[in-house]
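All values below come from the heavy atoms of this structure, side chains included, with hydrogens, waters and symmetry mates left out. From a predicted model like this one, the values you see are computed outputs, not experimental measurements. Quick note on labels: first sequence line is chain A, next is B, and so on, each numbered from 1.
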Protein chains: 2
Amino acid sequence: MPQAITDPTSAPTKQPGRGRPGYDRMDVIRAAVREFNTRGYEATSMGTLAKRLGVSKSAIYHHIASKEEILVEATNWALTSLTEVVEEADQANGSARERLELVVRGAVRVLCEGPERVTLLLRLRGNTEVELDLMERRRTLTRRLINHVKQAQDEGAVRTDLDAGLVGRLAFGMINSIVEWYRPDGPQTPETLADVTAKLVFEGLESK
Amino acid sequence: MPQAITDPTSAPTKQPGRGRPGYDRMDVIRAAVREFNTRGYEATSMGTLAKRLGVSKSAIYHHIASKEEILVEATNWALTSLTEVVEEADQANGSARERLELVVRGAVRVLCEGPERVTLLLRLRGNTEVELDLMERRRTLTRRLINHVKQAQDEGAVRTDLDAGLVGRLAFGMINSIVEWYRPDGPQTPETLADVTAKLVFEGLESK
DNA sequence: GTCTATATGTTGATAGAC
DNA sequence: GTCTATCAACATATAGAC
């Protein structure tokens with residue numbers, strides 16, 4: 001399966017030359033997450049994943065215990081990273097408005113670091129107990145994000161004519177939508193993307 | 001299956017009293033779309049859909065030819081509605097900035113009219129020829145939306161320090177994210193939601 | 001680390017009776 | 001408009017050899 005070998009994002013990192021692919025656990029997970037995002041988690045069978053990697057299904061199950069385990073590992077990374085962003089903003093010095101901007105920029109940064117894993121987190125549907133658990137953690141995160149909007153409102157830096165929960169959801173909905181088109185090898189660097197997003201969130205489209 | 005009968009969004013519209021459910025084609029499609037959004041299109045089997053409706057699988061296939069047909073019918077509605085919004089804005093009098101606002105408000109309106117069908121459109125993954133076709137039409141729509149942003153920039157009403165394609169994607173990403181939490185029976189009316197969204201897009205979060 | 005073979009269940013869809 | 005019965009294809013996951 002030449003396509004598997006030449007694809008830089010799913011090719012194994014060791015044994016660069018000949019012989020069997022020789023994937024390790026992270027190779028398999030990376031390729032699986034990529035495939036889940038392309039075709040959808042449920043629409044991706046372990047069979048097609050195996051074909052894409054150029055190995056048999058059993059070879060995959062040597063590295064991971066179940067399909068769901070891949071989902072958990074990937075979304076866990078995203079949840080942990082985003083929680084860290086909120087935590088750092090909680091403890092940061094400065095105004096509430098500055099801390100909110102830290103959250104916005106941090107979220108964009110995490111999203112650019114692991115777009116596939118964040119995408120998987122955002123697309124959870126709650127079809128199993130495990131997924132429901134992950135979604136609950138995601139909801140907690142959302143609440144803490146909105147809290148930062150509220151604090152910036154109380155401070156007077158953010159307009160108070162709009163409901164905090166509503167604009168919080170809209171603002172982070174905008175940020176999350178980045179995963180739909182962001183590509184690490186694309187024209188935008190994470191920093192410029194964070195700049196544009198922050199400007200749009202705080203200042204809007206209008207010229208002044 | 002009492003839950004199916006008491007659920008106002010999936011209950012059949014005829015024969016309100018006793019006997020077999022007596023669904024018609026639209027009842028089945030409405031319930032299916034709802035289920036696709038809750039569990040995901042691929043994760044929803046015709047079996048569980050049948051159980052939810054309280055009928056057998058065969059009863060469903062009396063109304064529709066295939067699972068994919070439901071997807072097409074629903075996303076077609078969303079595509080047509082959104083195309084009309086863009087078309088009306090294209091032909092509207094007034095400044096480019098006003099026409100862009102028409103598009104923003106129109107998109108929110110369509111989204112509130114058929115949130116489930118728009119959601120299905122946004123979540124297409126392109127796993128079949130039919131899905132790829134629908135996605136191509138969606139892409140055409142995105143291009144036309146961004147064009148309105150460009151025109152407003154050329155006019156000088158929208159800031160030109162940010163790339164039109166980029167802010168266009170971000171702005172409509174924000175609008176699309178509404179489907180993640182909007183409920184027709186919730187606190188927000190479509191008009192207030194369109195107001196808040198338009199304000200946020202054009203003016204941003206900052207108090208003035 | 002990979003293979004073939006297989007167990008076991010579920011899927012979308014059909015046939016034909018009522 | 002609904003049913004029961006059925007099908008081939010495909011799903012996730014395992015056993016055991018190399």
Side-chain angles (χ1 to χ4, degrees), chain A residues 1 4-5 10-33 35-36 39-73 125 127-131, chain B residues 1 4-5 10-33 35-36 39-73 125 127-131:
Chain A
M1 304 288 154
I5 305 301
S10 68
T13 46
K14 294 124 198 163
Q15 298 181 350
R18 60 193 57 246
R20 287 177 171 172
Y23 295 107
D24 68 8
R25 182 182 164 87
M26 276 314 295
D27 293 327
V28 170
I29 291 179
R30 240 195 311 272
V33 168
E35 204 71 5
F36 291 165
R39 303 178 198 274
Y41 175 70
E42 318 268 355
T44 303
S45 77
M46 299 304 270
T48 62
L49 174 59
K51 268 193 201 112
R52 168 61 61 109
L53 283 170
V55 297
S56 68
K57 281 191 288 181
S58 318
I60 292 178
Y61 280 101
H62 174 76
H63 299 289
I64 53 112
S66 69
K67 188 182 175 184
E68 194 167 55
E69 191 184 83
I70 302 174
L71 187 71
V72 171
E73 193 138 321
R125 298 313 309 163
N127 290 321
T128 64
E129 283 298 317
V130 172
E131 287 185 37
Chain B
M1 303 287 153
I5 306 302
S10 67
T13 45
K14 294 126 197 162
Q15 298 181 348
R18 59 193 58 245
R20 287 177 170 170
Y23 295 107
D24 69 7
R25 182 183 164 87
M26 276 313 295
D27 293 328
V28 169
I29 291 179
R30 239 194 312 272
V33 169
E35 204 71 3
F36 290 166
R39 305 180 197 275
Y41 174 70
E42 318 268 355
T44 303
S45 75
M46 299 305 270
T48 62
L49 174 58
K51 270 192 199 111
R52 169 59 61 108
L53 284 170
V55 296
S56 68
K57 278 193 293 181
S58 319
I60 292 179
Y61 279 101
H62 174 75
H63 299 288
I64 53 112
S66 70
K67 189 182 174 183
E68 194 167 55
E69 192 185 81
I70 302 174
L71 187 71
V72 171
E73 194 138 321
R125 299 312 308 162
N127 290 320
T128 64
E129 282 299 317
V130 172
E131 287 186 37

Colleague: Measure from CD on B:Glu68 to C1' on C:dT11 and round the result to the nearest Å.
Modeller: 15 Å

Colleague: Whole angstrom is fine here: how far is it from CE in A:Met46 over to P in C:dT6?
Modeller: 21 Å

Colleague: For A:Tyr41 and D:dT12, what is the distance between atoms OH and C1' respectively, to the nearest whole Å?
Modeller: 10 Å

Colleague: Tell me, do A:Phe36 and A:Lys67 make a side-chain contact under 4.5 Å, heavy atoms counted?
Modeller: yes

Colleague: Answer yes or no: side-chain N or O of A:Ser58 and base N or O of C:dT4 forming a donor-acceptor pair under 3.5 Å.
Modeller: yes

Colleague: A:Ile60 has an atom CD1; how far is it from atom P of D:dT14, in whole Å?
Modeller: 14 Å

Colleague: Is the shortest distance from a Lys or Arg side-chain nitrogen in B:Arg125 or A:Glu42 to a carboxylate oxygen in the other one below 4.0 Å?
Modeller: no

Colleague: How many Å lie between CD on A:Glu42 and P on C:dG12, as a whole number?
Modeller: 11 Å

Colleague: Rounded to whole angstrom units, what separation is found between the CZ atom of B:Phe36 and the P atom of C:dT11?
Modeller: 13 Å

Colleague: Any side-chain N or O of A:Ser45 under 4.0 Å from OP1/OP2 of D:dA11?
Modeller: yes

Colleague: Without decimals, in angstroms, what is the distance between B:Ile29 CD1 and D:dG1 C1'?
Modeller: 16 Å

Colleague: Just to be sure I understand the rule, does A:Ser56 reach a base, reach only the sugar-phosphate, or reach nothing, if contact means heavy atoms closer than 4.0 Å?
Modeller: base

Colleague: Do B:Ile64 and B:Met46 have side chains that get closer than 4.5 Å, going by heavy atoms?
Modeller: yes

Colleague: Side chains of B:Asp27 and B:Arg30: does their closest heavy-atom pair fall under 4.5 Å?
Modeller: yes

Colleague: Walk me through it: do B:Thr48 and B:Glu35 pass the test side chain to side chain donor-acceptor pair (under 3.5 Å)?
Modeller: CA-CA 9 Å; B:Thr48 62; B:Glu35 204 71 3; 5.1 Å; no

Colleague: What's the closest nucleotide to the A:His63 side chain, out of D:dC3, C:dG1, D:dT12?
Modeller: C:dG1

Colleague: When you measure from the side chain of A:Ser66, which nucleotide among D:dA13, C:dG1, C:dG12 comes out closest?
Modeller: D:dA13

Colleague: Which nucleotide in the set C:dG1, D:dC3, D:dT14 lies at the smallest distance from any side-chain heavy atom of B:Ala59?
Modeller: D:dC3

Colleague: Give a yes/no on whether any side-chain N or O of B:His62 is located under 4.0 angstrom from OP1 or OP2 of D:dT2.
Modeller: no

Colleague: Using a cut-off of 4.0 Å on non-hydrogen atoms, how would the nucleic acid contact of A:Thr48 be classed: base, sugar-phosphate, or nothing?
Modeller: nothing

Colleague: Once you round it to whole Å, what is the distance between C1' of C:dA13 and CD of B:Glu69?
Modeller: 13 Å

